[in-house]
Protein chains: 2
Amino acid sequence: MTRKSHSITIRDVARQADVSVATVSRYINRNAPVSPEVAERISKVMAELNYVPHAAARHLATRKTRSIGLLLTTINYDFFTPLLSGLERVVAENNHNLLVATYRADLRKDYPPPVGPHNTDGVVVFADALQEEQLAQWYRMNFPMVLVHRTPPPYLNIPYVTIENKAASRKIVDHLIEVHGRRRIIFTRGLENHEDSHWRELGYKASLEAHGIPYDPRLIIRGEFDREVTYQEMSAFLANNHPDFDAVFASDDDSALGVIRALNDAGIPVPESVSVVGFDDQHFSCILPLPLTTVRAPTEEVGRMAGSQILKILQGEAADPMTLLPTEIVIRQSCGCNESQS
Amino acid sequence: MTRKSHSITIRDVARQADVSVATVSRYINRNAPVSPEVAERISKVMAELNYVPHAAARHLATRKTRSIGLLLTTINYDFFTPLLSGLERVVAENNHNLLVATYRADLRKDYPPPVGPHNTDGVVVFADALQEEQLAQWYRMNFPMVLVHRTPPPYLNIPYVTIENKAASRKIVDHLIEVHGRRRIIFTRGLENHEDSHWRELGYKASLEAHGIPYDPRLIIRGEFDREVTYQEMSAFLANNHPDFDAVFASDDDSALGVIRALNDAGIPVPESVSVVGFDDQHFSCILPLPLTTVRAPTEEVGRMAGSQILKILQGEAADPMTLLPTEIVIRQSCGCNESQS
DNA sequence: CCGGTTACAGTAACCGGTTACATTATTACA
DNA sequence: TGTAATAATGTAACCGGTTACTGTAACCGG
């Protein structure tokens, strides 16, 4: 293994262009005047030598990494594709890099998060990838953060971008009740501690209450935003003698899929006997055999907004404390309607 | 904005623990013996001060960034989720960071790639995110790379991991011909320059030839691995008076979806009149109204292998020049079969 | 008891940039 | 013509780690 030949430094360029390193640096950063002839010379030498400034050296000197971190709990769901895509775009457009990492605060208490002040200028934190204590610590050292799909605790003034969960949830449950006359509605809960799940449940309850339908805890089942888990749980629910029900509000589309499969297995006709609705409007939701009635979540937009907020902070501007993106229900057929809408 | 208070350096730790910075460094890296009492002291001070070593300083000194780059052409397809997920996992398990970036060599000729020797220890390059010239340059300075879904040109000895495209393509076309008696088979080509597409086309041709079916260029239509593009192209094909056909081999599942939609629009019954098959076996392919007959591509495994190969190189071991992951055809219903298989 | 290791620790150079400060030449203006 | 401002550039300290080199003391076999 030959020694790393990428050892062309700014001094090499300086020497060859017969100027000082300071001048080269100035030329590169265009932060001080450089005479045209000298600029020309430097530029030529740089091209010849194929010189690219060493990022770490630059970071060390400027104490900026020009990269922002994204902390996820997992990448395993297609849900994250648009989030990543949106975020990456704006980050790249602003000449920053994106460090993607997964971290489960609950599992890796002993290890520090893989991205943080030591290697990024700021991070975007998804849901509960980080625990409050860590957020608080970074907040104290005012390290730039923005939370997505999570509200900071009241004493931490961290900008966040999330979506309207409760109103839309309420609306979609209203739809089940008002349009389809459903009254015994199951809710498949998302992940523990996951705020989206919490709000969706509140919307569900609000709708029930508004319609004078009593809340029945037996109709709440575990879903964890996971197709398989929901399938298992729903199957188990159906296997034992269970309370009546005539609809399911799944906490996300993946979960809805699990529900539908379990119902199919049990020979229960959907949507005739049981309406099923989801949340997110993932890519697959409109191409299912029974297109899903769900709530459209602007996930890519969440990514973009998170990016632009964190960049704002880095530029010294104030970020919007809260960015709440609107959601809308999209009626397809799994609720029992037969409209076909994109 | 108060000055960045993350200025706790190794010297602070050293002072407070009453040792030299060298000793602290040794303790942190465990690369030289440190007496138990001293270790204890350092450890305590580090915890108290909440010290985290500054990555850039470390990078500069060691000339290692402990991060690896992933260069994609886009993140916009769910296809990338498993790739990312697999790669991130092994990278994280080996205490490295993952820098995700998109880059279209063809579009941004003037800009250097966002990840490279200046900010990573090695990169994983997807398909044609980089042009040959850039690969060659990095190869010359022996910068660690591994290619995914791309074969390096013969004179560049770069490890690559990809999947068996041709054999599987041939097999799936064989299936159309032998089991379903199809003989006029459309191929929706993927992206120009995209090797997968090329090999799949070769498999297609090989099958035709083996069955004595003449190759008809009029049956090749543009698809670009894109649902929408394929839909448009297929619709256009159907709109004008077109040669007969009785099957479509789409270069990927997304494309297959576009095909099916166009056929549905035209009132052509699938799979009765026309068989449609795809490639990749994406998440959605088995939950479609007409479950897709396709080829299972182990994309997550590709991510994992790419990760382990690049890490091997970083550790000075030799990587496998080629990692060819097997694919298998999965028969569902869009070809006309009615087996139901997961 | 002695020469040679080994364990442990400190000093300071170095990684490759940025930038405060200093210097010189040129221009502007009274 | 003299003085101040400005443009263009150089020198060298500094960012925060790592590590080569050095030194001391304890240890080891004979």
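Keep in mind that what you see is a predicted model, and the values were worked out from it rather than measured. Proteins get letters first, then strands, A, B, ... in listed order; numbering begins at 1 in each.
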Bend across the helix from dC1(C)-dG30(D) to dA30(C)-dT1(D), to 10°, with axes taken over 5 pairs at each end?
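For the helix from dC1(C)-dG30(D) to dA30(C)-dT1(D), the axes at either end differ by 20°.
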Candidates [options] - which lies nearest the side chain of [X]:
X: Ala22(B); options: dT19(D), dT9(D), dA9(C); value: dT19(D)
X: Val21(B); options: dG17(C), dG10(D), dT18(D); value: dT18(D)
X: Pro33(B); options: dA20(D), dC8(C), dA20(C); value: dC8(C)
X: Ser7(A); options: dA9(C), dG16(C), dG17(D); value: dG16(C)
X: Ser20(A); options: dT9(D), dG17(C), dG10(C); value: dT9(D)
X: Leu60(A); options: dC15(D), dT9(D), dG10(C); value: dC15(D)
X: Val34(B); options: dT9(D), dT18(D), dA9(C); value: dA9(C)
X: Ala57(B); options: dC21(C), dG16(D), dA9(C); value: dG16(D)

Quick one: label Tyr51(A) by what it contacts on the DNA or RNA (base, sugar-phosphate, nothing), any heavy atom closer than 4.0 Å.
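It contacts sugar-phosphate atoms only.
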Just call it for Ser25(A): base, sugar-phosphate, or nothing, with non-hydrogen atoms closer than 4.0 Å on any strand.
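Since a base atom lies under 4.0 Å of Ser25(A), the category is base.
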Rounded to whole angstroms, how far apart are [atom1] on [X] and [atom2] on [N]?
X: Asp12(A); N: dG17(C); atom1: CG; atom2: C1'; value: 13 Å
X: Arg15(B); N: dG10(C); atom1: CZ; atom2: P; value: 14 Å
X: Ile10(B); N: dT18(D); atom1: CD1; atom2: C1'; value: 8 Å
X: Asn119(A); N: dC15(D); atom1: CG; atom2: P; value: 21 Å
X: Arg58(A); N: dG17(D); atom1: CZ; atom2: P; value: 21 Å
X: Glu40(A); N: dA8(D); atom1: CD; atom2: C1'; value: 17 Å
X: Lys64(B); N: dC14(C); atom1: NZ; atom2: P; value: 21 Å
X: His54(A); N: dT18(C); atom1: NE2; atom2: P; value: 12 Å

Test your reading of the model: is there a side-chain donor-acceptor pair from [X] to the backbone of [Y], 3.5 Å cut-off?
X: Tyr103(B); Y: Tyr111(B); value: yes
X: Asn119(B); Y: Gly116(B); value: yes
X: Arg66(A); Y: Asn95(A); value: yes

Counting just side-chain N and O atoms, does [X] come under 4.0 Å of either OP1 or OP2 of [N]?
X: Ser35(A); N: dT9(D); result: yes
X: Thr62(B); N: dT19(D); result: no
X: Asn31(B); N: dT18(D); result: no
X: Arg26(B); N: dA9(C); result: no

With a 3.5 Å cut-off and just heavy-atom distances, do the side chain of Arg63(A) and the base of dG16(D) make a donor-acceptor pair?
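Looking at the base of dG16(D), it does not pair with any donor or acceptor on the side chain of Arg63(A) (distance under 3.5 Å).
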Can a donor-acceptor pair under 3.5 Å be found between the side-chain atoms of Arg11(A) and the base atoms of dG17(C)?
yes
Under 4.0 Å between a side-chain nitrogen and a carboxylate oxygen: does that hold for Glu300(B) and Arg304(B)?
yes
Please enumerate all residues that pass side chain to side chain contact (heavy atoms under 4.5 Å, CB included) together with Arg58(A), with sequence neighbours excluded.
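Partners of Arg58(A) under the side chain to side chain contact (heavy atoms under 4.5 Å, CB included) test: Ile28(A), Asn29(A), Pro53(A).
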Tell me whether the centres of the aromatic rings in Phe143(B) and His118(B) are closer together than 6.0 Å.
no
His149(B) and Phe79(B) aromatic ring geometry - parallel, tilted or perpendicular at 30°/60° bounds
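Phe79(B) and His149(B): perpendicular rings.
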Tell me whether the count of non-hydrogen atoms from other residues, nucleotides or ligands lying under 6.0 Å of NZ in Lys64(A) goes above 12.
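No, the 6.0 Å shell around NZ holds no more than 12 heavy atoms from other groups.
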If you count every heavy atom of other residues, nucleotides or ligands that lies below 6.0 Å from Glu192(B) atom CD, does the total exceed 12?
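Not more than 12 within 6.0 Å, no.
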